[in-house]
Amino acid sequence: MNRIDATFDKLRAVGRTALIPYITAGDPSPAATSPLMHALTEAGADVIELGVPFSDPMADGPVVQRASERALALGVSLADVLDMVARFRERDTACPVVLMGYANPIEAMGLEAFADRARAAGVDGVIVVDYPPEEAGGLAQLLDARGIAPIFLLSPTTPETRMVDVARLARGYVYYVSLKGVTGAGHLDTADVIAHLAEIRRHVSLPVGVGFGIRDATSAQAIAAHADAVVIGSRLIQEIESGPAETAAARAAAWLGTIRSAVDTVVKQAA
Amino acid sequence: MQLTDLPDARGHFGNYGGVFVAETLIHALDELRDAYERYRQDRDFLAEFERELKHYVGRPSPIYHAKRWSAKLGGAQIYLKREDLNHTGAHKINNCIGQALLAIRLGKRRIIAETGAGQHGVAAATVAARFGMQCVVYMGTEDIRRQAQNVFRMKLLGAEVVPVQSGSKTLKDALNEAMRDWVTNVESTFYIIGSVAGPHPYPMMVRDFQTVIGKECLRQMPELAGRQPDAIIACVGGGSNAMGIFHPYIAYQDVKLIGVEAAGEGIDTGRHAASLTAGRPGVLHGNRTYLLQDANGQIIETHSVSAGLDYPGVGPEHAWLKDSGRAQYVTVTDDEALAAFTDCCRIEGIIPALEAAHALAYAAKLAPSLSHEKLLLVNLSGRGDKDMNTVAERAGTRFYCRPECDPQRRTG
């Protein structure tokens with residue numbers, strides 16, 4: 001069984017909401033990424049989303065852009081990111097790792113080569129921001145055949161007919177982008193998210209993660225009561241970039257710990 | 001299937017084009033596609049578009065026989081399609097009028113645009129003023145520095161110019177930032193993309209609005225020269241002026257279509273912007289096309305003396321025309337373009353844009369190898385007023401400097 005499915009099954013059984021931190025691979029340094037990932041799992045991460053740096057991150061706000069630029073300045077490539085996952089796997093064989101990035105670095109490696117190498121490295125899911133379902137069929141098949149989940153985004157502007165299309169291709173979980181905007185943007189409208197989640201669940205049986213715009217314990221709690229997973233990226237990266245690189249992992253873990261505690265106060269009906 | 005039937009329903013030109021965007025934009029693109037499908041056949045819409053082109057832009061633009069230059073070159077006859085005579089000084093306005101009319105019909109009163117050289121930004125700001133719309137233009141800080149005059153023009157026209165600091169601080173980053181604005185304000189905002197790039201339906205829609213150029217040529221060439229040209233030559237950055245003049249001629253198999261890319265300081269120096277000549281297919285800005293990228297799929301910085309050609313991608317239909325062999329793509333260096341720029345000024349009394357000077361340079365290279373009866377039609381896509389600073393800087397001339405502010409003169 002895919003680690004993502006196993007993780008969500010386990011959490012559902014005890015009525016807990018998954019906490020998914022997002023960090024950009026190679027930021028603050030390539031050597032720091034694997035230790036940072038361990039620190040995050042120790043602080044309560046259930047899944048880790050690892051951003052693959054790209055020169056033109058069209059869907060990202062300034063915080064993730066900066067992280068991506070820092071990693072690129074250190075020469076971090078997709079192949080390096082896969083190596084980082086492999087290093088993480090040397091000590092952790094349980095926590096699912098999901099790569100999130102853009103199409104071009106994957107196409108440059110070759111879809112099949114990427115799928116093979118991702119499997120060998122121990123990747124569990126892949127989100128390609130600029131591969132909507134219409135363009136993702138080829139990669140989704142290659143990943144699925146290797147037990148890696150193709151994960152898709154849904155947005156406030158996604159009509160119900162598209163949700164059906166996404167449900168057909170998606171594995172693992174779906175990622176609901178909680179607001180119209182880029183990563184790390186403004187504040188989210190919880191009532192609106194709840195209404196959309198109900199709509200999504202009518203068409204998609206996979207767990208639903210919510211991200212883009214969750215910044216603190218209060219917003220995390222509000223979302224955790226209704227979603228299967230809470231995704232936090234930009235605010236966590238701000239924690240990483242706010243001080244010296246040597247203590248970045250400790251700062252990130254301490255901050256994520258407060259979110260973990262907040263999310264755990266939300267008790268859901270065990271399935 | 002005919003070459004002219006493309007793209008398919010999902011925006012593909014063979015392997016190229018498509019819709020490669022985040023989910024948040026899909027709905028807006030579907031809405032735009034449906035609206036465009038409807039209005040491209042709507043008589044009132046087309047009539048209004050034609051009226052605006054005639055009375056506001058000043059179309060049709062003439063074709064001019066560059067006799068003196070042709071005679072000096074001693075070969076084929078060179079004809080110039082004078083897009084430089086359009087209102088705002090380039091072909092960009094054709095597309096902006098079309099998209100603004102569409103925005104009005106969609107009830108969107110805020111328009112955004114990206115710009116490199118500033119020509120598309122000026123055209124967008126112009127139509128926004130003309131139709132009473134709010135206009136925000138994204139422009140890289142590097143381009144703002146190079147094109148200060150166009151920045152001022154946009155502001156005069158009432159547009160807000162937002163400096164883009166990210167990435168290489170040029171056109172591609174301005175496009176990223178405009179996309180981010182669009183994702184955030186998708187319900188109130190219409191994004192006017194300036195070239196035949198971006199996700200479907202933009203490459204098709206911008207092409208259609210620009211084909212007015214080629215359609216006029218189809219009529220004008222027989223009137224002026226007695227027949228259609230043997231070759232059409234146009235510069236290619238994103239490729240909208242080239243696509244506008246090529247597309248109506250695709251079915252005319254005897255007419256060669258030649259796109260000219262910017263070789264910058266030379267293809268082997270790596271400092272150029274020739275995506276079709278030196279790039280590989282990949283995905284950027286919503287479509288699959290030829291891109292200048294490194295081995296890891298990161299987009300690399302480009303260089304051209306002409307800011308309008310300084311882009312690491314190219315419209316997907318050009319990628320398709322290249323692979324199918326219907327069009328050929330060649331390159332011209334900064335120095336060759338500047339030489340043609342000067343020749344065009346001195347021999348014909350026309351100051352061309354540096355972008356168009358690339359097409360002129362190739363025509364000047366090709367003409368002497370052909371007989372006097374051959375006809376070359378060059379798309380003179382814009383005028384060169386905006387490039388005065390760039391050209392003067394390279395010539396070592398300082399501009400707008402009164403004698404009294406020259407320290408040497410003052411002390412002497």
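Protein chains get the first letters and strands the later ones, always in sequence-line order, with residue 1 at the start of each. Model, not experiment: these values are computed from the prediction.
For the ring-ring contact (aromatic ring centres under 6.0 Å, His included) test, residues two or more places apart in sequence or in another chain that qualify with A:Phe88 are A:His38. Annotation: side-chain contact (heavy atoms from CB on, under 4.5 Å) contacts of A:Ala227 (sequence neighbours excluded): A:Leu197, A:Val210, A:Ile223. Residues satisfying the side-chain contact (heavy atoms from CB on, under 4.5 Å) test with A:Ala220, not counting sequence neighbours, are A:Ile214, A:Val230, A:Ile259, A:Val263.
The most heavy-atom pairs under 4.5 Å with chain A, out of B:Ile300, B:Val19, B:Leu291, come from B:Val19. Ranking A:Ala136, A:Pro156, A:Ala108, A:Pro62 against chain B, the residue ahead of the rest is A:Ala108, based on heavy-atom pairs under 4.5 Å.
Of the atoms belonging to B:Leu175, not a single heavy atom falls under 4.5 Å from chain A. For a residue to count as touching a neighbouring chain, one of its non-hydrogen atoms must lie under 4.5 Å from one of that chain's; by this rule A:Leu78 does not touch chain B. For a residue to count as touching a neighbouring chain, one of its non-hydrogen atoms must lie under 4.5 Å from one of that chain's; by this rule B:Ala178 does not touch chain A. Using a 4.5 Å cut-off between heavy atoms, A:Val177 contacts chain B through its side chain alone, with no backbone atom that close. Residue contact with chain A, scored on non-hydrogen atoms closer than 4.5 Å, involves the backbone and the side chain of B:Ile299 alike. For A:Leu72, the part sitting under 4.5 Å from any heavy atom of chain B is the side chain, from C-beta outward, and nothing else.
The neighbour count for A:Arg87 CZ, taken as heavy atoms of other residues, nucleotides or ligands under 6.0 Å away, does not exceed 12.
Heavy-atom minimum distance, A:Pro132 versus B:Phe20: CD-CA, 4.2 Å. Residues B:Val283 and A:Phe54 approach most closely at O-CZ, 4.5 Å, considering heavy atoms.
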What are the atom names and distances for all donor-acceptor pairs below 3.5 Å between chain A and chain B?
residue  : atom : partner  : partner atom : Å
A:Pro53  : O    : B:Gln298 : NE2          : 3.1
A:Ser55  : N    : B:Gln298 : OE1          : 2.8
A:Ser55  : OG   : B:Ile299 : N            : 2.9
A:Asp56  : OD1  : B:Lys172 : NZ           : 3.2
A:Asp56  : OD2  : B:Lys172 : NZ           : 3.0
A:Asp56  : OD2  : B:Asn176 : ND2          : 2.9
A:Pro57  : O    : B:Arg180 : NE           : 3.4
A:Pro57  : O    : B:Arg180 : NH2          : 2.7
A:Met58  : O    : B:Arg180 : NE           : 3.4
A:Asp60  : O    : B:Arg180 : NE           : 2.8
A:Glu69  : OE2  : B:Gly167 : N            : 3.0
A:Asn104 : OD1  : B:Val283 : N            : 2.8
A:Asn104 : ND2  : B:Gln293 : OE1          : 2.8
A:Asn104 : ND2  : B:Gly297 : O            : 2.9
A:Glu107 : OE1  : B:Arg288 : NE           : 3.2
A:Glu107 : OE1  : B:Arg288 : NH2          : 3.4
A:Glu107 : OE2  : B:Arg288 : NH2          : 2.4
A:Glu134 : O    : B:Arg10  : NH2          : 2.6
A:Glu135 : OE1  : B:His12  : NE2          : 3.3
A:Glu135 : OE2  : B:His12  : NE2          : 3.0
A:Glu135 : OE2  : B:Val19  : N            : 3.1
A:Thr157 : OG1  : B:Thr24  : O            : 3.2
A:Thr158 : OG1  : B:Glu23  : OE2          : 3.0
A:Arg162 : NE   : B:Glu23  : OE2          : 2.9
A:Arg162 : NH2  : B:Glu23  : OE1          : 3.0

